[in-house]
Amino acid sequence: MTRSAIVVAGGYSRRFGDREKALATLEGIPMLVRVARAVSPAVDELVVNCRADQRPDFERALASVNLDAGVRFAIDQRTDEGPVTGLRRALETATGESAVVVPCDLPLLETRFVDRLFDSHRRADTAAVVPRVDGYLQPLCAVYTVSAALEACTTTLEADRYRLFDVLDELDIAVLEEQRLEEWTEPARLEAIDTPASLQRLRERKVETAVPRVTTGLER
Ligand SMILES: Nc1nc2c(ncn2[C@@H]2O[C@H](COP(=O)(O)OP(=O)(O)OP(=O)(O)O)[C@@H](O)[C@H]2O)c(=O)[nH]1
């Protein structure tokens, strides 16, 4: 099965104030770059979904590192229509049969976890494998069958529903329960960093934040 990675990054990061959270850095590396580096060894292509105005900075950040997969952009036709619209755009662009879908703000995501999700999806015979963390399904850290997910996004949007949970309702999913998840990764690594305060807490925390290979020097 060919594999894509989709990074959904077209939001306005309003909780981050006037900063673009995808480019906020942890140990000198923008969160978007950290996510791209985590997913790219596990896939054949990387699809970055964002707005047209974000693309130049995102392209520059991603070009500053060697990624294991080529990068393609799926640009939102209309902005601020929510993550399901962005996801649908990215799924239209993706050429893989399966895709891991992640946000731009998971800076501690690990390649081996992404690999395990893909393996689990291959074995599961369902349209998606979705982890549960702290009791909540994580549609933005899951592996999907691209064709099924695209159809589910379209059905959801046509019904004027805009939440990623609504997309999951349309799909036959296998849930990666917390006990198994803890064997695969530290659940804290799947915590979205959506405020400056949560980024600051992460900087101060004793969790292993290193990612392999070079740093980019893109400190902001
Ligand atoms: N393409 C697209 N992506 C979105 C949109 N809204 C959110 N996202 C993405 O979905 C993911 C999860 O959304 P949030 O964490 O709420 O991000 P956000 O909307 O930028 O942040 P807040 O404004 O602080 O809620 C992030 O990676 C966002 O970039 C949107 O309208 N279009």
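Numbers for residues simply follow the sequence, beginning at 1. Start at 1 and go down the list; that is how both ligands and their atoms are numbered.
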Self-check item: Any side-chain donor near an acceptor of the partner, Gln200 and Glu204, under 3.5 Å
Solution: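 A pair is found: one side chain offers a donor N or O, the other an acceptor, under 3.5 Å apart.
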
Quiz item: Side chains of Glu191 and Ser198: is there a donor and an acceptor less than 3.5 Å apart?
Solution: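 Glu191 vs Ser198: no donor-acceptor pair found between side chains.
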
Self-check item: Lys/Arg N to Asp/Glu carboxylate O, Asp119 vs Arg116, below 4.0 Å
Solution: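 No, this pair does not count.
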
Quiz item: Are Glu170 and Arg161 close enough for a salt bridge, meaning some N to O gap below 4.0 Å?
Solution: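 Yes, this pair counts.
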
Practice problem: Would you please write out the protein residues whose heavy atoms approach any atom of ligand 1 to under 4.0 angstrom, listed by chain and number? | Solution: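 Within 4.0 Å of ligand 1, protein side: Val8, Ala9, Gly10, Gly11, Tyr12, Ser13, Arg14, Arg15, Lys21, Asn49, Asp76, Asp80, Glu81, Gly82, Pro83, Gly86, Pro103, Cys104, Asp105, Leu140.
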
Quiz prompt | Straight-line distance of Leu171 CG to Thr156 OG1, nearest 0.5 Å | solution =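 If I round to the nearest 0.5 Å, the distance is 7.5 Å.
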
Quiz prompt | Arg3 side-chain N/O to Asp44 backbone N/O, donor-acceptor pair under 3.5 Å | solution =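 Here the side-chain-to-backbone pair does not exist.
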
